[in-house]
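Note on naming: letters A, B, ... go to the chains in the order of the sequence lines (proteins, then strands), and numbering restarts at 1 for each one. Just so it is clear, the structure is predicted and the values come from calculations on it, not from any experiment.
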2 protein chains.
Amino acid sequence: MQADRVIRALSALAQEHRLAAFRLLVQAGEQGVAAGVLAEKLQVPPSSMSFHLAQLANAGLVTQRRESRSIIYSADYAAMNGLMGYLTENCCGGMSCSEDAACLPSPQRKSA
Amino acid sequence: MQADRVIRALSALAQEHRLAAFRLLVQAGEQGVAAGVLAEKLQVPPSSMSFHLAQLANAGLVTQRRESRSIIYSADYAAMNGLMGYLTENCCGGMSCSEDAACLPSPQRKSA
DNA sequence: TCGATATTTTAATAGTTATCGAATCATTGG
DNA sequence: CCAATGATTCGATAACTATTAAAATATCGA
C-alpha cells in the first residue's frame with residue numbers, strides 16, 4: 001500500500017460519522033448494510049451519510065452494491081489490513097519489538 | 001480506547017508529514033528521534049515540524065523528552081495498538097472472520 | 001552573561017472539509 | 001406511465017487545518 005492511499009484511508013476514518021459507519025460495516029461482515037440503515041442508526045441526514053460513504057468508498061475502505069432500491073455497503077477487509085500493515089511496517093527497526101512495549105497486539109512479533 | 005481519542009489519533013496520522021514522521025518513529029523504537037532530525041529528514045521547516053509533532057503528541061501517539069537542547073520524540077506503541085484494536089473490534093460480528101477475507105493480518109482470529 | 005543552537009509559539013493567510021436542504025436520479029409496484 | 005421509495009448530487013455556508021516567517025523560549029559552552 002502506498003502512502004497516498006494510506007492517507008486517504010486515514011482521512012476517511014478520521015471523522016466521527018465515518019468511523020462509526022465503518023465499524024458497523026466491519027461488524028456486519030460480508031452481508032453489509034444499506035445506506036439508509038446506516039443513516040438512521042447514526043442519526044445523520046441521508047445526504048450527509050451519502051457524502052461520508054462516498055469518502056469511505058473513494059478511500060477504498062468500503063465497497064458498494066445495489067440491491068433493488070437500496071445500496072448496500074460492506075467493509076473491505078483487505079484494505080483495512082493493508083492500512084494496519086503500513087503503520088507497523090518495520091516496527092522497532094525490524095528487530096524483535098522491545099521487551100516492554102509490543103508493536104502489535106500479539107501478531108508478527110519476530111522473536112522473544 | 002474511546003471514539004474521541006481514536007478520531008484524534010486518526011486525524012493526526014492522516015497527513016503526509018505526520019504519517020511519515022510517525023513511521024520513522026515507529027521504526028526508530030524506544031530510542032526516538034530529535035525534532036530537528038525529523039524536520040531535516042522530511043524536508044520540512046522546523047516550525048512546521050513542531051506543529052505536526054504537537055498534533056501527534058496531543059493525539060497520544062508519541063511522547064517527548066528533552067535531552068540537552070534537543071527534544072526527542074518516540075512512538076507510543078500502546079496507543080498504536082489501541083487504535084488498531086478499536087478498528088477491528090467485533091470484526092465480522094465476533095465470529096471467526098469470513099473464510100475468504102481475514103479481519104486481521106494474522107492475530108486475534110478467534111477460531112478456524 | 002553572551003552567543004549559538006534546538007525548538008516552540010504566534011499570527012496571518014490560504015486551502016480544505018463538514019453540513020444539510022433542495023433538486024435530481026434510479027428502481028419498483030400498481 | 002406514475003407515484004413512492006431509496007439514494008446521490010448540488011450549492012451555499014460555516015468550521016477547521018496547513019503553512020511558514022518572525023518572535024519567543026530553553027539549554028549549553030566559553
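- Using a 4.0 Å heavy-atom criterion, one finds that B:A34 contacts the sugar-phosphate atoms exclusively.
- Near DNA chain D, meaning a heavy atom under 4.0 Å from it, residues 53-74 of chain B has B:Q55, B:R66, B:S68, B:R69 in order of number.
- Of the candidates D:dA18, C:dC20, C:dT8, C:dC20 carries the atom nearest the A:S48 side chain, counting heavy atoms from C-beta on.
- Considering only heavy atoms from C-beta on, A:R23 comes within 4.5 Å of B:Y86 through its side chain.
- Side-chain N/O atoms of B:H52 include none lying less than 4.0 angstrom from OP1 or OP2 on D:dT17.
- Between B:M80 and B:V26 there is a side-chain heavy-atom pair separated by less than 4.5 Å.
- Close to D:dT20, at under 4.0 Å from its OP1 or OP2, lies no side-chain N or O of B:S47.
- Dashed line: the shortest gap from a side-chain N or O of B:Q15 to OP1 or OP2 of D:dT19 is under 4.0 Å.
- Among the atoms of the strands shown, base atoms are found under 4.0 Å from some heavy atom of B:P46.
- Between A:M49 atom CE and D:dT8 atom P the separation is 9 Å, expressed in whole Å.
- The environment of B:E89 atom CD is dense: over 12 non-hydrogen atoms of other residues, nucleotides or ligands sit within 6.0 angstrom.
- Distance check: A:L19 CG to A:H52 NE2 gives 11.5 Å after rounding to the nearest 0.5 Å.
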